[in-house]
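Everything below concerns the one structure shown next.
Just so you know, residue 1 is the first one in the sequence shown, and it goes up from there. These numbers come from the heavy atoms of this one structure, side chains and all, not from hydrogens, waters or symmetry mates. Since this is a predicted model, take the numbers as computed values, not measurements.
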Amino acid sequence: MKGTNSSNPAGFILLGFSDQPQLETILLLVVSIIYVLTLVGNTAIILVSYLNPKLHKPMYFFLSNLSFLDLCFTTSIVPQMLWNLKGPEKTISYTGCVIQLYVALGLGSTECILLTVMAYDRFNAICRPLHYGVIMHPKLLRHLAAVAWISGFVESTVQTILIFQLPLCSHHRVDDFMCEEPALIKIACVNTTFLENELSVASVLYVVIPLGLILVSYGCIARSVLRIKSAEGRRKAFGTCGSHLLIVVLFFGTIISVYIRPKSKYTQNHSRLLTLFYTVVTPSLSPLIYTLRNKEVKWALRRLLWRDPRQEEM
């Protein structure tokens, strides 16, 4: 087939924002700062959740899983992005592209399931408080976390194999700053209807259904909270869910825009910016949101950083 290459190419050219050199310079600085904040913030969440006995609760077990996931997610994307932003070389090897797609897709799918599991935890905490300790026992927590991680990478394995089975156009120019499935599908030199339909099915299974379950959980939570007579009780109940709900809105909002929206709705630049948001910005916001809105995390961080003896008495 003319213009195709059915064998493994030497590598790919990630076009990214190469048509806007001034924007690349700004992004290099901004993304570098955000990446450092992501590493520091998520590492801090993992440390306080592990070291502080008062945070040995289901909510913080899942939060530490989310923080570890975000660390891995950004690290699978950002170093390569920074390397491409700083110079004229915009390439990634074939093996590097396969690994990046597999890891990023697996972690992104895992996050969809993990956020759903976290909503289930909040549902039990607020709607079934008397049975919460019995329902969310340590064995179930480990099983739920394992289901999230395993299901995410099972989906990634299937998608990655299907993508790299396609014969690719000889130019190997990926119109994105990372090896992402929609961008790779565009450089295939065969009819991709089957793969696009398969991607739609995967989006329903890993985006639409989890989001639907989260919304149902929060509907039940809202109904239970509104039955609480004291304003202080309602405020405290909503406070325990606010951080998680905000992360859900940020993550699923951009994921839906990239994977489910009509293709003609946004320009390619808008699509790249949306991808940049959920791959780089959202992971950096999670620690900030949980720290600002959660008194237990703020207290644990102060104790970890300053170890004020007066905090021991609180």
Side-chain angles (χ1 to χ4, degrees), residues 3-36 38-39 70-109 111 156 159-190 192 195-196 199 254-255 257-259 261 263 266-284:
T4 68
N5 183 3
S6 58
S7 62
N8 295 350
F12 297 91
I13 299 172
L14 300 175
L15 298 178
F17 299 94
S18 57
D19 58 336
Q20 303 173 70
Q22 292 181 334
L23 179 59
E24 282 192 319
T25 304
I26 296 170
L27 285 176
L28 178 62
L29 176 62
V30 173
V31 173
S32 298
I33 294 171
I34 292 175
Y35 184 49
V36 172
T38 301
L39 295 179
D70 283 340
L71 281 175
C72 297
F73 188 48
T74 53
T75 301
S76 71
I77 297 166
V78 172
Q80 175 71 43
M81 184 196 308
L82 294 176
W83 176 261
N84 289 346
L85 285 172
K86 77 178 184 65
E89 293 293 326
K90 311 293 181 185
T91 58
I92 183 172
S93 68
Y94 179 85
T95 302
C97 189
V98 173
I99 293 172
Q100 186 180 74
L101 177 66
Y102 175 72
V103 174
L105 192 57
L107 292 170
S109 301
E111 183 157 355
S156 177
Q159 296 289 338
T160 302
I161 291 173
L162 289 174
I163 281 288
F164 287 100
Q165 290 276 328
L166 294 174
L168 303 174
C169 294
S170 57
H171 58 73
H172 302 144
R173 293 175 179 269
V174 179
D175 195 8
D176 211 330
F177 57 82
M178 61 177 286
C179 289
E180 193 174 32
E181 192 168 6
L184 289 169
I185 290 175
K186 289 180 181 178
I187 65 171
C189 288
V190 293
T192 58
L195 192 56
E196 289 174 1
L199 178 59
T254 48
I255 284 285
S257 298
V258 171
Y259 282 91
R261 63 169 174 76
K263 292 182 179 179
Y266 301 119
T267 65
Q268 186 59 32
N269 272 342
H270 286 151
S271 294
R272 286 195 292 260
L273 289 173
L274 288 169
T275 302
L276 186 69
F277 189 87
Y278 86 80
T279 56
V280 178
V281 179
T282 302
S284 70

Would you check if [X] and [Y] make a side-chain contact, meaning some heavy-atom pair closer than 4.5 Å?
X: Val174; Y: Glu180; result: no
X: Leu184; Y: Cys97; result: yes
X: Val78; Y: Thr38; result: no
X: Leu85; Y: Phe177; result: no
X: Gln159; Y: Leu199; result: yes

Any donor-acceptor pair under 3.5 Å from [X] side chain to [Y] backbone:
X: Lys90; Y: Leu14; result: no
X: Ser109; Y: Gly106; result: no
X: Thr192; Y: Leu195; result: no
X: Gln80; Y: Thr91; result: yes

If I compare all heavy atoms of [X] with all of [Y], which pair ends up nearest, and what's the gap?
X: Leu274; Y: Ser257; result: CD1-CB, 3.6 Å
X: Glu24; Y: Asn84; result: OE2-O, 4.5 Å
X: Met178; Y: Ala104; result: CE-CB, 4.1 Å
X: Leu71; Y: Thr75; result: O-OG1, 2.7 Å
X: Leu101; Y: Cys179; result: CD1-O, 3.5 Å

With side-chain contact (heavy atoms from CB on, under 4.5 Å) as the criterion, how do Cys72 and Val103 come out once you've worked through the C-alpha distance, each side chain's angles and the decisive distance to 0.1 Å? CA-CA 8 Å; Cys72 297; Val103 174; 5.7 Å; no
Rounded distance (nearest 0.5 Å) linking atom [atom1] of [X] with atom [atom2] of [Y]:
X: Leu39; Y: Ile34; atom1: CG; atom2: CD1; value: 12.0 Å
X: Ile255; Y: Thr275; atom1: CD1; atom2: OG1; value: 8.0 Å
X: Leu28; Y: Lys86; atom1: CG; atom2: NZ; value: 9.0 Å
X: Thr74; Y: Leu107; atom1: OG1; atom2: CG; value: 9.5 Å
X: His172; Y: Ile13; atom1: NE2; atom2: CD1; value: 9.5 Å
X: Ile163; Y: Leu105; atom1: CD1; atom2: CG; value: 9.0 Å

Name the orientation class of the two ring planes belonging to Phe73 and Tyr278 (parallel below 30°, tilted from 30 to 60°, perpendicular beyond 60°). parallel
Give me the ring orientation class for Phe164 and Tyr94: parallel if the planes are under 30° apart, tilted from 30 to 60°, perpendicular past 60°. perpendicular
What verdict does the side-chain contact (heavy atoms from CB on, under 4.5 Å) test give for Lys186 and Asp175, after you've listed the backbone C-alpha separation in whole Å, the side-chain angles of each residue and the deciding distance to 0.1 Å? CA-CA 9 Å; Lys186 289 180 181 178; Asp175 195 8; 5.8 Å; no
Given side-chain contact (heavy atoms from CB on, under 4.5 Å), test Leu276 with Met81 step by step and report yes or no. CA-CA 10 Å; Leu276 186 69; Met81 184 196 308; 3.9 Å; yes
Take Val280 and Tyr35 through the test side-chain contact (heavy atoms from CB on, under 4.5 Å) and record every step on the way to the result. CA-CA 7 Å; Val280 178; Tyr35 184 49; over 6 Å; no
Can the positive tip of Arg272 be found less than 6.0 Å from the middle of the six-membered ring of Phe17, inside 45° of the ring normal? yes
